[in-house]
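Following: one structure in structure tokens, then a few remarks.
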Protein chains: 2
Amino acid sequence: MGRVSDAKQRLMDAVLELIWSGSYGSTTIDNICEKAGVKKGSFYYFFDSKSELAAEAFEESWKTKRIELDSIFSPTVPPLERLNKYFDFGYKFQREIKAKHGRVLGCPQVTLGSEICTQEDALQKKIQGIMDQKRKYVESAIRDAHAAGEIHAPDAGAKARMLLAYYEGLLTQARIQNNVEVLREAHSGILTILGVKETAAA
Amino acid sequence: MGRVSDAKQRLMDAVLELIWSGSYGSTTIDNICEKAGVKKGSFYYFFDSKSELAAEAFEESWKTKRIELDSIFSPTVPPLERLNKYFDFGYKFQREIKAKHGRVLGCPQVTLGSEICTQEDALQKKIQGIMDQKRKYVESAIRDAHAAGEIHAPDAGAKARMLLAYYEGLLTQARIQNNVEVLREAHSGILTILGVKETAAA
DNA sequence: AATATAATAGACCAATTAGTCAACTACTAT
DNA sequence: ATAGTAGTTGACTAATTGGTCTATTATATT
């Protein structure tokens with residue numbers, strides 16, 4: 001009962017875009033409200049602070065992202081193909097973002113995490129939790145590939161950490177340089193890290 | 001002639017520490033002045049804005065960092081040893097930082113670059129210039145190692161980009177997780193990327 | 001010692017910011 | 001239809017922010 005509204009959702013959408021396309025620090029509550037078309041009184045009706053909104057928004061956004069990832073990393077798909085599709089998806093996604101925003105924006109979690117980790121404890125934990133989950137997709141694909149004898153990776157966790165450190169490093173470079181083409185090297189880099197023969201899988 | 005002072009230097013030191021231990025956005029001119037023990041009137045005597053100060057501070061800091069790197073990457077040192085020393089230095093450095101600040105702070109350039117690249121154009125260019133120079137150290141070591149037949153890396157530039165994407169990805173993870181031990185995997189990761197037999201060089 | 005000047009001090013302003021509040025509105029369940 | 005409730009509004013405060021300006025101080029040179 002009572003009045004209904006999607007203002008909460010609009011606030012979450014707005015904060016994600018503003019943080020991603022700019023930064024956490026440069027995103028003010030007034031900014032968020034304006035972008036969401038919501039008055040400040042309503043902001044404080046739904047949230048206590050910018051960091052609380054950001055945490056909820058990242059959580060909510062992760063929930064929908066998981067659905068995509070569940071599909072990409074479906075165990076019915078051959079493990080190396082899962083990884084290929086994932087990284088290829090990342091490239092195409094960043095290209096879309098560049099076309100839409102005029103900027104390569106990289107990985108929202110890494111960008112935000114790196115900015116706020118020394119200052120916003122709750123938010124940092126939320127981000128880290130999401131990144132831990134994301135790593136599990138990669139880890140299980142690597143484990144399956146190893147089990148299938150397609151790669152040699154007895155420590156799937158370590159290999160997944162390495163692969164993601166590399167890939168997220170690339171995404172960060174792409175963001176800083178505003179250049180998607182940085183990501184074109186991802187494919188051969190990933191093969192190197194996984195120890196796959198390049199000609200065979202390419 | 002006229003009055004002498006190290007206030008300009010103190011401002012540059014202060015801004016570097018505040019940005020690194022926190023973020024660009026959370027660092028205010030008042031903060032910087034307080035930390036440097038400099039009044040705001042003096043701030044604006046030396047600099048026009050926070051971003052100008054940051055750009056000069058990063059430039060100045062890079063100049064001294066280069067001296068260290070010139071030593072580590074001296075062509076008199078065997079190429080793979082240069083790389084080993086560089087990454088090993090990074091680990092020890094981050095451990096010192098953690099002991100001193102209670103936090104792992106990662107790479108200042110990547111952290112700042114990722115935060116401000118969509119908003120502060122001059123600063124972004126400055127950061128990118130520094131990162132380009134940094135890559136050249138790694139690139140020449142890789143080229144020398146390839147020439148010596150110690151690794152197979154016909155495209156030294158590509159290998160350097162890959163190595164740094166990985167390493168900076170790791171540093172970012174270490175920062176976000178506030179955990180130096182993340183960097184312990186760097187050594188074996190680097191060997192994998194360089195294609196060196198792990199037992200031979202470890 | 002006098003002078004020009006590099007640097008400092010700190011009061012000041014205007015704009016922006018986070019956050020509050022009480023009155024109001026629309027909707028839903030009964 | 002009406003009562004209770006979920007959501008809205010906008011004006012308000014207090015604090016912080018970036019930025020300016022003028023008077024003052026210290027020092028290196030002559």
* Structure fact -> From CG of A:L53 across to P of C:dA18 the rounded distance in Å is 12 Å
* Round to a whole Å and report the spacing from CD of A:E34 to C1' of C:dT17. => 14 Å
* Could you list the residues that satisfy side chain to side chain contact (heavy atoms under 4.5 Å, CB included) with A:Y44, not counting sequence neighbours? => A:I29, A:K40
* Return the value, rounded to whole Å, for the distance between atom CG of B:D48 and atom C1' of D:dT20. => 13 Å
* Kindly say whether, by distance alone, the side chain of A:R3 makes a donor-acceptor pair under 3.5 Å with the base of C:dT25? => yes
* Within 45° cone of A:Y137 ring axis and under 6.0 Å: A:K65 NZ or CZ -> no
* To do: Assess whether atom CD of A:Q133 is packed by more than 12 heavy atoms of other residues, nucleotides or ligands within 6.0 Å.
  => yes
* Starting from P on D:dA6, measure out to CD on A:Q9 and report it in whole angstrom. => 20 Å
* What is the distance, rounded to the nearest whole Å, between atom CG of B:D6 and atom C1' of C:dA6? -> 14 Å
* Separation of atom OH in A:Y45 from atom P in C:dA18, rounded to whole Å -> 22 Å
* Classify the side chain of B:K40 and the base of D:dG18 as holding, or not holding, a donor-acceptor pair under 3.5 Å. => yes
* Structure fact -> Per nearest nucleotide of DNA chain D, the residue lying toward the 5' end, B:T27 or A:S5, is A:S5
* Of B:V4 and B:N31, whose nearest nucleotide on DNA chain D comes first from the 5' end? -> B:N31
* At under 4.0 Å between heavy atoms, what does B:F43 touch on the DNA or RNA strands: base, sugar-phosphate, or nothing? -> nothing
* Contacts of A:K85 that satisfy salt bridge (Lys or Arg N to Asp or Glu O under 4.0 Å) - sequence neighbours left out -> A:E81
* Of the candidate nucleotides D:dT8, D:dT27, C:dA18, which contains the atom at the shortest distance from the side chain of A:D30? -> C:dA18
* To do: Report the residue (A:G2 or B:K39) whose heavy-atom-nearest nucleotide on DNA chain C is the more 5′ of the two.
  => B:K39
* Asked: Are A:S49 and C:dG19 close enough that a side-chain N or O sits under 4.0 Å from OP1 or OP2?
  -> no
* Check whether any side-chain nitrogen or oxygen of B:Y44 sits under 4.0 Å from OP1 or OP2 of D:dT20, and answer yes or no. => no
* **Whole-Å gap separating C1' (C:dG19) and CZ (A:F46)** => 17 Å
* Side-chain N or O of A:S42 less than 4.0 angstrom from OP1 or OP2 on D:dT8? -> yes
* Do B:D155 and B:K159 touch side chain to side chain, with heavy atoms closer than 4.5 Å? -> no
